[in-house]
Novice: 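Before anything else, here's the structure in question.
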Amino acid sequence: MSDKQFKTTSGIEIKEVYTTCNPMQELPAEFPFTRGIQKDMYRGRLWTMRQYAGFSTAAESNKRYHYLLQQGTMGLSVAFDLPTQIGYDSDHDLAEGEVGKVGVAIDSLKDMEVLFDGIDLEKITTSMTINATASTLLAMYIALAKKQGADISKISGTIQNDILKEYAARGTYIYPPKASMRLITDIFEYCSKEVPKWNTISISGYHIREAGSTAVQELAFTLANGKTYLKAAIEKGLDINVFAKRLSFFFNCHNNFFEEIAKFRAARRMWAKIAKELGATDARAQQLRFHTQTGGSTLTAQQPINNIVRVSNQALAAVLGGTQSLHTNGYDEALSLPTEEAAAIALRTQQLIAYESGVTETVDPLAGSYFVETLTDDLEAAVWKYIDKIDAMGGSVNAIEQGYLQNEIADSAYQYQKAIESGEQIIVGVNKFTADEAINPEVFRVDDSIRQEQINKIQQLKSERNNQLVAKKLENLKEAAQGDQNLMPFILEAVEEYATLGEIADVLRSVFGEY
């Protein structure tokens with residue numbers, strides 16, 4: 001008999017055998033929603049198969065979007081390049097070397113028009129992974145929908161808009177936390193009236209996990225951030241029963257199959273309790289809806305074809321955990337942006353699970369498993385400990401300002417790396433079952449010349465637009481930022497006159513400062 005202790009990645013002990021669990025009388029679609037938020041789950045409607053894409057210019061990304069839609073993608077998910085994420089136009093000195101690299105370059109409404117050329121915004125849902133400049137990108141999307149003649153009360157999608165995890169884990173913030181929170185609550189308020197079907201925030205654990213957290217930390221820090229957003233919106237006078245219905249979450253799915261399933265089940269249960277405690281009485285305002293992406297940091301450059309199996313395991317865990325939307329990573333993403341072949345295989349992975357595995361035919365098929373139910377309880381207990389600690393510090397903003405979240409994530413990442421180096425944590429093809437191989441699959445590269453292409457477009461735009469009117473709209477935005485008016489209408493007016501993303505961010509920098 002082995003003396004070895006078995007634990008999840010979060011350090012929760014795994015027993016050799018489970019013979020009991022807390023008896024569960026709960027049904028799906030009933031508080032606290034452990035078993036899912038829909039009565040019939042995937043029998044009624046499959047999750048949205050949403051593939052994340054964006055690179056180079058708007059025209060190149062548009063081609064990939066049309067390709068994905070032809071392959072059966074149900075929703076688009078836009079990746080933006082780093083200059084766009086931190087509020088710099090492509091012609092800014094700090095944009096050099098980064099234009100179009102990790103996502104698409106969007107400098108103005110002109111680029112947004114090209115990005116969605118031939119795509120009806122009333123018929124597709126779009127998710128935009130954007131945070132510090134979320135207000136401007138959303139304004140561009142709304143402006144484009146209006147130009148298409150769409151009823152903006154019918155357009156639907158999600159902006160990530162989760163700045164707290166940027167300070168804790170990812171780093172693409174611009175303004176100080178309090179100014180950033182103002183922009184976020186302005187978006188909540190504006191969209192609840194003007195774009196009621198839009199999900200105004202996707203509270204992200206994904207990047208917390210990618211930075212090296214455990215599953216427990218991912219869930220704890222994400223829910224603590226969510227609680228902070230709820231409180232900020234309530235303080236602004238918004239009705240929790242209205243705006244909480246438009247919140248969604250974004251989780252990672254890593255390799256520990258049962259821990260990930262338990263994480264998703266615990267997440268729903270805990271969020272329902274948090275929302276209810278803060279005054280939500282409407283069931284839909286208590287429900288946690290979430291998008292999942294398979295774990296980017298679990299992909300290996302060694303033996304990259306193995307990543308197809310990793311992604312399949314992770315996608316299956318997300319489906320068994322009850323995700324509403326899913327992106328599966330390309331097997332080559334440890335080496336480059338995904339090729340068309342890798343993107344197609346990633347989508348086929350979801351379609352195989354949906355149409356061939358049979359796991360969609362009953363709701364929460366793992367309910368009642370001694371192991372899964374116990375693990376869900378154990379995980380929840382560990383997460384509450386973290387949340388109680390963050391609450392005692394005065395909430396997420398204070399915990400981030402004191403460096404607590406950052407230090408916990410960094411320590412966890414360090415421990416995980418030590419476990420890989422010692423061989424305690426096996427990574428197939430990396431520290432076990434290795435092979436002498438040249439890593440040279442076909443990779444996707446973005447040409448540096450696209451920066452000059454973007455600069456030319458900006459120069460042409462500035463020569464054609466009404467610069468006097470743009471200056472007036474930017475001045476109006478500055479005055480509003482100095483006061484306490486909702487900034488979204490002012491940003492939208494500036495965008496519609498073809499003010500650039502960088503110009504708008506610079507106005508807000510001049511008022512709020514940089515963090």
Side-chain angles (χ1 to χ4, degrees), residues 54-62 65 76 78-96 98-119 121 126 128-148 150 152 155 157 159 172 174 183 187 446 449-478 481 487-510:
F55 55 88
S56 185
T57 61
E60 286 299 313
S61 292
N62 176 263
Y65 293 160
L76 297 174
V78 185
F80 297 97
D81 71 0
L82 280 173
T84 304
Q85 291 180 48
I86 51 178
Y88 293 123
D89 289 334
S90 298
D91 61 358
H92 194 285
D93 288 347
L94 291 176
E96 192 171 346
E98 289 295 345
V99 175
K101 288 292 174 71
V102 299
V104 62
I106 299 292
D107 293 314
S108 73
L109 177 57
K110 273 267 190 280
D111 286 324
M112 194 66 98
E113 289 164 7
V114 174
L115 186 66
F116 290 100
D117 185 40
I119 297 169
L121 299 192
T126 303
M128 295 192 276
T129 304
I130 196 71
N131 298 283
T133 53
S135 53
T136 306
L137 272 300
L138 176 59
M140 287 181 189
Y141 194 86
I142 292 167
L144 176 59
K146 285 164 78 174
K147 286 191 79 170
Q148 281 191 0
I152 66 162
I155 63 168
I159 41 171
T172 64
I174 304 172
L183 279 168
I187 293 169
V446 174
S449 67
I450 75 132
R451 181 174 184 238
Q452 191 54 52
E453 196 181 320
Q454 286 298 111
I455 290 170
N456 295 344
K457 284 195 283 184
I458 292 169
Q459 287 169 348
Q460 187 180 348
L461 174 75
K462 289 181 177 177
S463 71
E464 291 172 350
R465 70 186 186 181
N466 185 333
N467 285 303
Q468 220 176 337
L469 196 49
V470 170
K472 179 80 181 87
K473 297 299 182 188
L474 292 173
E475 187 54 38
N476 292 348
L477 173 60
K478 186 172 186 174
L487 297 180
M488 274 304 292
F490 296 94
I491 293 169
L492 182 59
E493 284 183 13
V495 157
E496 287 178 322
E497 295 304 330
Y498 294 94
T500 69
L501 174 103
E503 287 171 333
I504 291 166
D506 282 345
V507 165
L508 297 177
R509 280 185 182 95
S510 74

Novice: What do the steps show when you test Glu493 against Asn476 for side chain to side chain donor-acceptor pair (under 3.5 Å), and what is the final call?
Specialist: CA-CA 9 Å; Glu493 284 183 13; Asn476 292 348; 4.7 Å; no
Novice: Quick one: are Leu115 and Tyr141 in side-chain contact, heavy atoms under 4.5 Å?
Specialist: no
Novice: Locate the shortest heavy-atom distance separating Arg465 from Ala499; write the atom from each residue and the value.
Specialist: NH1-CA, 3.6 Å
Novice: For Ala150 and Ile155, work out which heavy atoms get closest and say how close.
Specialist: CB-CG2, 4.3 Å
Novice: Specify the closest pair of heavy atoms between Ala143 and Val495, including all atoms of both residues, with the distance to one decimal.
Specialist: CB-CG1, 4.1 Å
Novice: Calculate, to the nearest 0.5 Å, the distance between atoms CD and CG belonging to Gln454 and Leu461 respectively.
Specialist: 11.0 Å
Novice: If you count heavy atoms of other groups shown closer than 6.0 angstrom to CD of Gln468, is the number above 12?
Specialist: no
Novice: Which atoms form the tightest heavy-atom contact between Val102 and Ala79, and what is the distance?
Specialist: O-CB, 3.9 Å
Novice: Return the CG to CD1 distance between Asp81 and Ile450, rounded to the nearest 0.5 Å.
Specialist: 7.0 Å
Novice: Side chain of Thr133, backbone of Thr84: donor and acceptor closer than 3.5 Å?
Specialist: yes
Novice: Where is the tightest heavy-atom contact between Ile152 and Lys146, given as atom of each residue plus distance?
Specialist: CG2-CG, 3.6 Å
Novice: Pick one: which of Lys457, Lys462, Glu464 meets side chain to side chain donor-acceptor pair (under 3.5 Å) with Gln460?
Specialist: Glu464
Novice: Out of curiosity, Asp107 CG to Asp89 CG, how far, rounded to the nearest 0.5 Å?
Specialist: 5.0 Å
Novice: Can you tell me if Gln85 uses its side chain to pair, donor with acceptor, with the backbone of Phe80 under 3.5 Å?
Specialist: yes
Novice: Going through the distances and angles, do Leu487 and Leu508 end up as a side chain to side chain contact (heavy atoms under 4.5 Å, CB included)?
Specialist: CA-CA 10 Å; Leu487 297 180; Leu508 297 177; 4.2 Å; yes
Novice: So Glu98 and Ile86, do their side chains get closer than 4.5 Å, heavy atoms only?
Specialist: no
Novice: Please answer whether the main-chain N or O of Val99 pairs with a side-chain N or O of Ser90 as donor and acceptor at a distance below 3.5 Å.
Specialist: no
Novice: Could you tell me if the side chain of His92 sits less than 4.5 Å from the side chain of Pro83, heavy atoms only?
Specialist: no
Novice: Got a sec, which residues hit side chain to side chain contact (heavy atoms under 4.5 Å, CB included) with Asp117, two or more places apart in sequence or on another chain?
Specialist: Asn62
Novice: Of all heavy-atom pairs between Tyr498 and Glu113, which one has the smallest distance, and what is that distance?
Specialist: OH-OE2, 2.6 Å
Novice: Do Ile174 and Arg509 have side-chain heavy atoms sitting under 4.5 Å apart?
Specialist: yes
Novice: Look at the side chain of Gln148 and the backbone N and O of Ile119, then say whether any donor-acceptor pair between them is shorter than 3.5 Å.
Specialist: yes
Novice: Are Lys472 and Asn466 packed together at the side-chain level, in the sense that at least one heavy-atom pair is separated by less than 4.5 angstrom?
Specialist: no
Novice: With rounding to the nearest 0.5 Å, note down the distance linking CG in Asp91 to CG in Asn456.
Specialist: 10.5 Å
Novice: Roughly how far, to the nearest 0.5 Å, is CD of Glu503 from CG of Leu477?
Specialist: 11.5 Å
Novice: At what distance, to the nearest 0.5 angstrom, does OG1 of Thr500 lie from CD1 of Ile458?
Specialist: 6.5 Å
Novice: Is it possible for you to check whether Arg451 lies under 6.0 Å from the centre of the six-membered ring of Tyr88, through NZ or CZ, and within 45° of that ring's axis?
Specialist: no
Novice: Answer whether the closest heavy-atom distance between the side chains of Thr136 and Met140 falls below 4.5 Å.
Specialist: yes
Novice: Within a 6.0 Å radius of atom CD on Gln452, are there more than 12 heavy atoms belonging to other residues, nucleotides or ligands?
Specialist: yes
Novice: Looking only at atom types and distance, does a side-chain atom of Asp111 sit under 3.5 Å from a main-chain N or O of Ile106, one as donor and one as acceptor?
Specialist: no
